[in-house]
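Written out below as structure tokens is the structure these notes cover.
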Number of protein chains: 2
Amino acid sequence: MDLKKLGYFVVLARHLHFTRAAGTLGIAQSSLSQQIKVFEGELGVRLFDRDHHSVSLTAAGKALLDDGVCLLEAADRVAGQVRAAAAGPVTSAT
Amino acid sequence: MDLKKLGYFVVLARHLHFTRAAGTLGIAQSSLSQQIKVFEGELGVRLFDRDHHSVSLTAAGKALLDDGVCLLEAADRVAGQVRAAAAGPVTSAT
DNA sequence: AAGCCTTACGAGGAGCGTAACAATA
DNA sequence: TATTGTTACGCTCCTCGTAAGGCTT
């Protein structure tokens, strides 16, 4: 489970549009296509149904969108807490 | 926040011994040393105090050990749930 | 013709191993 | 000297971008 690819997935899941999602992420659209495919391969699950003119989430994709966002936020929070712990090891209160 | 490096950190934090931790992880000891250093750099925090014959957790390291394990487990759980969602979209009960 | 996703191919960076080095007991 | 952690160097794989291809409207 790679957090980087998970982030790509979340952005794409919100746009449901490779070109725009790639723009948001600041990478090429083809790279996003590749990474999503790799991510699906790693999970062994198809996350999106892509027809030539419509991208939609599969059931697995919907499940991952919910939990994935939480996971990403949790990771961010942990990083912040670690930095805080290093800066000022507050025992309990202010 | 890279989950792979976080996993390395957790194993090292439990062994408090680079050589053994590297053995557990199945990588070279020097590689572990490098990855931990990179990880510390990414977080901007020192995780371990290393003397030549003793490795110990800093305050930040201890904080990360607790939360990091949870994060890793959460990531694992999410992956499992996604696969389950793909296999059998159980609405509520059996 | 225009828009959208995918595949092919090449460049750059990250991760890893081997080897060499420094310090402690 | 044996053990432990760090640094240097080279290799391999992964990620990304550009270019070309195929399908739909």
Side-chain angles (χ1 to χ4, degrees), chain A residues 1-62 64-65 68 71-72 75 79 86, chain B residues 1-62 64-65 68 71-72 75 79 86:
Chain A
M1 171 68 73
D2 180 6
L3 255 40
K4 189 176 198 177
K5 295 197 188 75
L6 180 58
Y8 288 179
F9 162 79
V10 168
V11 172
L12 177 56
R14 292 195 159 140
H15 283 80
L16 290 178
H17 194 288
F18 278 81
T19 306
R20 306 234 189 91
T24 298
L25 290 166
I27 65 174
Q29 184 271 335
S30 67
S31 299
L32 179 59
S33 178
Q34 288 175 154
Q35 293 308 307
I36 293 295
K37 173 180 278 193
V38 171
F39 194 43
E40 288 178 328
E42 289 172 355
L43 262 52
V45 164
R46 181 152 290 272
L47 265 13
F48 296 96
D49 284 322
R50 302 93 121 159
D51 289 317
H52 280 275
H53 242 93
S54 71
V55 176
S56 57
L57 283 167
T58 62
K62 286 175 189 167
L64 184 57
L65 180 55
L71 197 57
L72 250 19
Chain B
M1 171 69 74
D2 180 5
L3 255 40
K4 189 175 196 176
K5 295 196 188 73
L6 179 59
Y8 288 180
F9 162 79
V10 168
V11 172
L12 178 56
R14 291 194 160 142
H15 283 81
L16 290 178
H17 194 288
F18 278 81
T19 306
R20 307 238 189 89
T24 299
L25 290 166
I27 65 174
Q29 184 270 336
S30 67
S31 300
L32 179 59
S33 178
Q34 288 175 152
Q35 293 308 306
I36 294 295
K37 174 181 277 193
V38 170
F39 193 44
E40 289 179 327
E42 288 172 356
L43 263 51
V45 164
R46 181 151 289 273
L47 265 14
F48 296 96
D49 285 321
R50 300 95 121 159
D51 290 316
H52 281 276
H53 243 94
S54 71
V55 176
S56 58
L57 283 167
T58 62
K62 286 176 189 165
L64 184 57
L65 180 55
L71 197 56
L72 251 19

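Below, chains carry the letters A, B, ... as their sequence lines are ordered, and counting in each starts from 1. What you see is a predicted model, and the numbers here were worked out from it, not measured in a lab. All values below were derived from every heavy atom in this structure, side-chain atoms included, with hydrogens, water molecules and symmetry-related copies excluded.
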Next item on the list: Taking only the side-chain heavy atoms of R50(B) (C-beta and beyond), determine which of dC16(D), dA19(D), dT6(D) contains the nearest atom.
Entry: dT6(D)
Item checked: Any H17(A) side-chain N or O less than 4.0 Å from OP1/OP2 of dC4(C) -> yes
Check: Does S33(B) place a side-chain N or O at less than 4.0 Å from the phosphate oxygens OP1/OP2 of dG5(D)?
Finding: no
Margin query: Taking the side chain as everything from C-beta on, heavy atoms only, tell me whether L43(A) gets closer than 4.5 Å to L64(A).
Written below: yes
Margin query: What is the distance, to the nearest angstrom, from the NZ atom on K5(A) to the C1' atom on dA14(C)?
Written below: 12 Å
Note to self: Rounded to whole Å, please give me the gap between CZ in F48(A) and P in dC4(C).
What the structure shows: 17 Å
Note to self: Looking at the base of dG15(C), is there any donor atom on it, or on the side chain of S31(B), that sits under 3.5 Å from an acceptor on the other one?
What the structure shows: no
Margin query: Rounding to an integer number of Å, can you tell me how far D2(B) CG sits from dC14(D) P?
Written below: 15 Å
Next item on the list: Check the distance between dG17(D)'s P and Q29(A)'s CD and give it to me in whole angstrom.
Entry: 11 Å
Next item on the list: Check every strand shown and say whether Y8(B) touches a base, only sugar-phosphate, or nothing at a heavy-atom separation below 4.0 Å.
Entry: sugar-phosphate
Check: What does T19(B) touch in the nucleic acid at a heavy-atom separation under 4.0 angstrom: a base, only the sugar-phosphate, or nothing?
Finding: sugar-phosphate
Check: CG of L32(A) versus P of dG17(D): gap in Å, rounded?
Finding: 10 Å
Next item on the list: Between dC4(C), dA8(D), dG17(D), spot the one nearest the side chain of S30(B), thanks.
Entry: dA8(D)
Next item on the list: Name the closest nucleotide to the K4(B) side chain, picking from dC16(C), dT6(D), dT3(D).
Entry: dC16(C)
Notebook entry, point to check: Given atom NE2 of H15(B) and atom P of dT4(D), what is their separation to the nearest angstrom?
Noted result: 13 Å
Notebook entry, point to check: Of all of residues 34-44 of chain A, which get a heavy atom below 4.0 angstrom from DNA chain D, listed by number?
Noted result: Q34(A), Q35(A)
Check: Any side-chain heavy atom of R50(A) sitting closer than 4.5 Å to one from I36(A)?
Finding: yes
Notebook entry, point to check: Is it true that atom NZ of K5(B) has more than 12 heavy atoms of other residues, nucleotides or ligands lying nearer than 6.0 Å?
Noted result: yes
Next item on the list: Report yes if the side chains of L71(A) and L71(B) come closer than 4.5 Å at any heavy-atom pair, otherwise no.
Entry: yes
Note to self: Rounded to whole Å, please give me the gap between CD1 in I27(B) and P in dG17(C).
What the structure shows: 6 Å
Notebook entry, point to check: Can you check whether L72(A) reaches L3(A) side chain to side chain, under 4.5 Å on heavy atoms?
Noted result: yes
Margin query: Without decimals, in angstroms, what is the distance between H53(A) NE2 and dA2(C) C1'?
Written below: 9 Å
Item checked: L65(B) vs V10(B) side-chain heavy atoms within contact, under 4.5 Å -> yes
Check: Side chains of F9(B) and L57(B): closer than 4.5 Å at any heavy-atom pair?
Finding: yes
